[in-house]
**Q** 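One structure is given below, represented as structure tokens, and several questions about it will come after.
Values below: all heavy atoms of this structure, side chains included; hydrogens, waters and symmetry mates excluded. By convention in this document, chain letters (A, B, ...) are assigned in the order of the sequence lines, proteins followed by strands, and residues within each chain are numbered from 1. In this text, all values refer to a predicted model and were calculated from it rather than measured experimentally.
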Amino acid sequence: MPGDAVALARFLIGVTVVSASEDGRTSARIVETEAYLPGDAAAHSFRGPTARNRSLFLSRGHAYVYFIYGNHYCLNVSADRAGVGAGVLLRAGEPLEGKEIMRVRRGAVADEDLLRGPGRLAQALGIGRSHDGLDLCAAGPLWLASGSGAEAEIGVSRRIGLSKEIERPLRFFDRHSRVVSGPKRLR
DNA sequence: TCACTGATCGTCT
DNA sequence: GACGATCAGTGAG
């Protein structure tokens, strides 16, 4: 697994996330990510470890799940060595396994809307607080599997939804996927 | 397609 | 007590 958040954010495009729950198994191909770096004023880790963000400081490959705006969970992957606060936010994915389970969780929406956006992605995969801190490279309810092998053509833009560090080119996406979030000018 | 708004609540100041 | 790595709904162009 790559050694910093930018490399990991690029690496994760095309990788498969798999979630196994009581409802069944769901999986998706990751098509959009954002990197949050150490010393990045927009990152949750910026002010140092707290009870909420401590998973960002785990060694790379652990889940950081947080609850935002009173409604939504978002899934990140910790991205550096233990003690360094860095992560990659999973922003969008294409459904692979378990579309019907996703539709039960998300409602009867089009395939491309099932996991478009970080809150929707977490909801479709059934992710919540219990997934915080999991090792995504080990057996368990949530893990990362290798991608299809096909090399994705990766686009870069600024990140979405921030009030700080808004110009940094730290959002990465598959140029050929129709399933990416945010305003059209950023695709 | 874009702009704006309300919902809703955990976390940190 | 304010605000946030969001979303769904609404209305205008």
Side-chain angles (χ1 to χ4, degrees), chain A residues 4-13 17 28 30-58 60-80 84-95 102-134 136 142 155-174 177-187:
Chain A
D4 68 75
V6 170
L8 181 62
R10 288 179 167 278
F11 172 82
L12 287 176
I13 301 293
V17 236
I30 300 168
V31 297
E32 182 183 349
T33 61
E34 281 179 359
Y36 289 85
L37 310 179
D40 179 350
H44 288 177
S45 57
F46 184 59
R47 294 173 191 282
T50 66
R52 174 217 203 185
N53 68 19
R54 62 181 174 213
S55 298
L56 274 178
F57 293 82
L58 297 173
R60 52 185 145 261
H62 288 77
Y64 165 51
V65 178
Y66 65 90
F67 185 66
I68 190 70
Y69 295 123
N71 299 308
H72 310 287
Y73 290 98
C74 296
L75 173 63
N76 296 247
V77 183
S78 65
D80 216 302
V84 178
V88 174
L89 171 66
L90 271 33
R91 289 199 57 92
E94 296 172 349
M102 295 182 190
R103 265 189 253 278
V104 170
R105 293 170 178 158
R106 291 235 51 240
V109 299
D111 282 9
E112 56 265 35
D113 288 333
L114 247 18
L115 310 102
R116 187 174 69 197
R120 293 163 169 178
L121 182 146
Q123 187 184 12
L125 294 174
I127 288 169
R129 214 178 297 287
S130 66
H131 295 82
D132 188 45
L134 289 177
L136 299 179
L142 184 68
V156 183
S157 79
R158 47 206 233 213
R159 296 174 291 186
I160 293 174
L162 306 183
S163 57
K164 298 166 186 163
E165 303 277 13
I166 62 174
E167 296 297 340
R168 300 182 77 172
L170 293 173
R171 171 173 172 266
F172 304 91
F173 56 97
D174 180 346
S177 177
R178 303 200 332 284
V179 187
V180 292
S181 66
K184 192 166 190 183
R185 66 180 181 283
L186 292 180
R187 290 183 189 176

**Q** Parallel, tilted or perpendicular: which describes the rings of A:Y73 and A:F67, with under 30° parallel and over 60° perpendicular?
**A** tilted
**Q** Check A:R103 with A:D113, please: is the shortest side-chain N to carboxylate O separation under 4.0 Å?
**A**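 Salt bridge: no.
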**Q** In whole angstroms, how far is the C1' atom of C:dA5 from the OH atom of A:Y64?
**A** 9 Å
**Q** For DNA chain B, what string of dots and brackets results from 5' to 3' when Watson-Crick and G-U pairs need both distances under 3.5 Å, crossing pairs get [ ], and pairs with another strand get |?
**A** |||||||.||||.
**Q** Under the 5.5 Å and 30° test, is A:Y36 stacked on the base of C:dA5?
**A**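 Stacking between A:Y36 and C:dA5: present.
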**Q** What nucleotide among B:dT11, B:dC12, C:dA5 has an atom nearest to a side-chain atom of A:T50?
**A**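 Within the option list, the nearest is B:dC12.
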**Q** Looking at C:dA5, does its base get a donor-acceptor pair with the side chain of A:Y66 below 3.5 Å?
**A** yes
**Q** Counting heavy atoms from C-beta on, name the nucleotide in B:dC9, B:dT13, C:dT6 closest to the side chain of A:R47.
**A** B:dT13
**Q** Specify the separation, in whole Å, of atom CG of A:N53 and atom P of C:dG4.
**A** 16 Å
**Q** Quick check on DNA chain B: between A:H72 and A:R129, whose nearest nucleotide comes earlier from the 5' end?
**A** A:H72
**Q** By the 4.0 Å heavy-atom rule, please label A:G70 as base, sugar-phosphate, or nothing.
**A** base
**Q** Is A:Q123 reaching over with its side chain to a backbone N or O of A:R105, donor-acceptor style, under 3.5 angstrom?
**A**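 Yes.
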**Q** In terms of side-chain geometry, is the basic nitrogen of A:R178 or A:E112 positioned less than 4.0 Å from the acidic oxygen of its partner?
**A**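 Yes, A:R178 and A:E112 are salt-bridged.
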**Q** Of the candidate nucleotides C:dA5, B:dC12, C:dA8, which contains the atom at the shortest distance from the side chain of A:R52?
**A**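 Of C:dA5, B:dC12, C:dA8, B:dC12 is nearest to the side chain of A:R52.
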**Q** Find out whether A:R52 and A:Y64 are in side-chain contact, i.e. whether some heavy atom of one side chain is under 4.5 Å from a heavy atom of the other.
**A** yes
**Q** Given atom CG of A:N71 and atom C1' of B:dC9, what is their separation to the nearest angstrom?
**A**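 Distance check: A:N71 CG to B:dC9 C1' gives 8 Å.
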**Q** So, do A:T33 and A:V77 sit near enough that their side-chain heavy atoms are less than 4.5 Å apart?
**A**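 The answer is no; the side chains never approach within 4.5 Å.
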**Q** Starting from P on C:dG4, measure out to CD on A:E165 and report it in whole angstrom.
**A** 15 Å
**Q** Nearest whole angstrom, please: distance from the C1' of C:dA8 to the CZ of A:R120.
**A** 8 Å
**Q** For the pair made of CZ in A:R171 and C1' in C:dT6, what is the distance, rounded to whole Å?
**A** 14 Å
**Q** Does A:R116 place a side-chain N or O at less than 4.0 Å from the phosphate oxygens OP1/OP2 of C:dC7?
**A**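 For A:R116, the contact criterion (side-chain N or O under 4.0 Å from OP1 or OP2 of C:dC7) is not met.
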**Q** Quick check: are there more than 12 heavy atoms from other residues, nucleotides or ligands sitting under 6.0 Å from CZ of A:R54?
**A** no
**Q** Among B:dC9, C:dT6, B:dC12, which nucleotide has an atom closest to any side-chain atom of A:Y69?
**A**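 Nucleotide nearest to A:Y69's side chain: C:dT6.
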**Q** Rounded to the nearest Å, what distance is computed from the NE2 atom of residue A:H44 to the C1' atom of nucleotide C:dT6?
**A** 11 Å
**Q** Would you kindly give the CG-to-P distance between A:D113 and C:dG9, to the nearest whole Å?
**A**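 That distance rounds to 12 Å.
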